[in-house]
> 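Right, I'll just put the structure down here and ask away after.
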Amino acid sequence: MNSAPDGSVIRRESPRPDLLAFEIKDRITKADIEWMSAVTDEAMKSLDTIDMLIVMSNYEGSDLGATFDGYAASVKARSLAHIRRYVVVGAPAFAKAMIDLSGFVMPVETKTFDLADEGAAWAWLANPPTTKA
């Protein structure tokens with residue numbers, strides 16, 4: 001399945017198996033964050049180290065159940081050991097600031113791009129790094 005149950009998240013095509021790409025198209029529901037977390041969890045188990053791209057084309061926030069989902073939180077916590085690069089396109093200002101700041105304190109290389117610069121984000125992720133950032 002390339003779309004979450006409620007359709008707020010879709011999985012985008014990627015040129016590499018170790019690059020997960022998702023698009024946020026609406027308000028994120030609990031079912032959708034669990035689907036996205038399951039896809040990410042499976043990738044981390046089978047590939048060990050991955051890059052992740054999130055395109056927020058029409059982000060409308062998150063339902064309370066999605067924000068505090070236990071499974072999603074556990075996948076997020078474990079992702080620190082598995083994600084090399086985390087790129088977000090079109091993040092709202094508050095999220096962009098948090099993502100940019102987290103790159104200084106976490107072992108994950110983070111980067112944000114404006115929605116109009118999605119092509120630059122894909123280009124930046126075109127080749128995997130040779131070592132974990």
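For the single chain, residues carry numbers from 1 onward in sequence order.
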> If the threshold is 4.0 Å, N to carboxylate O, is there a salt bridge linking R78 and D41?
yes

> Might you point out which heavy atoms bring W122 and R12 nearest each other, and give the distance in Å?
NE1-NH2, 4.2 Å

> Is it the case that the side chain of T112 and the backbone of G90 share a donor-acceptor pair, with hydrogens and angles ignored and the cut-off at 3.5 Å?
no

> With rounding to the nearest 0.5 angstrom, report the OH to CD1 distance, Y59 to I28.
5.0 Å

> Does a salt bridge link R84 with D51, judged by any charged N lying under 4.0 Å from a carboxylate O?
yes

> Any side-chain heavy atom of D117 sitting closer than 4.5 Å to one from V89?
no

> To the nearest 0.5 Å, tell me how far D18 CG sits from L125 CG.
10.0 Å

> Once rounded to the nearest 0.5 Å, what's the spacing between atom CD of E34 and atom OG1 of T29?
8.5 Å

> Could you give the distance from CG (L19) to CD (E13), rounded to the nearest 0.5 Å?
11.5 Å

> Working to the nearest 0.5 Å, report the span between CD1 of I50 and CG of L20.
4.5 Å

> Check the surroundings of atom NZ in K25: do more than 12 heavy atoms from other residues, nucleotides or ligands lie under 6.0 Å from it?
no

> Nearest 0.5 Å, what's the CD1-NZ distance between I99 and K111?
12.5 Å

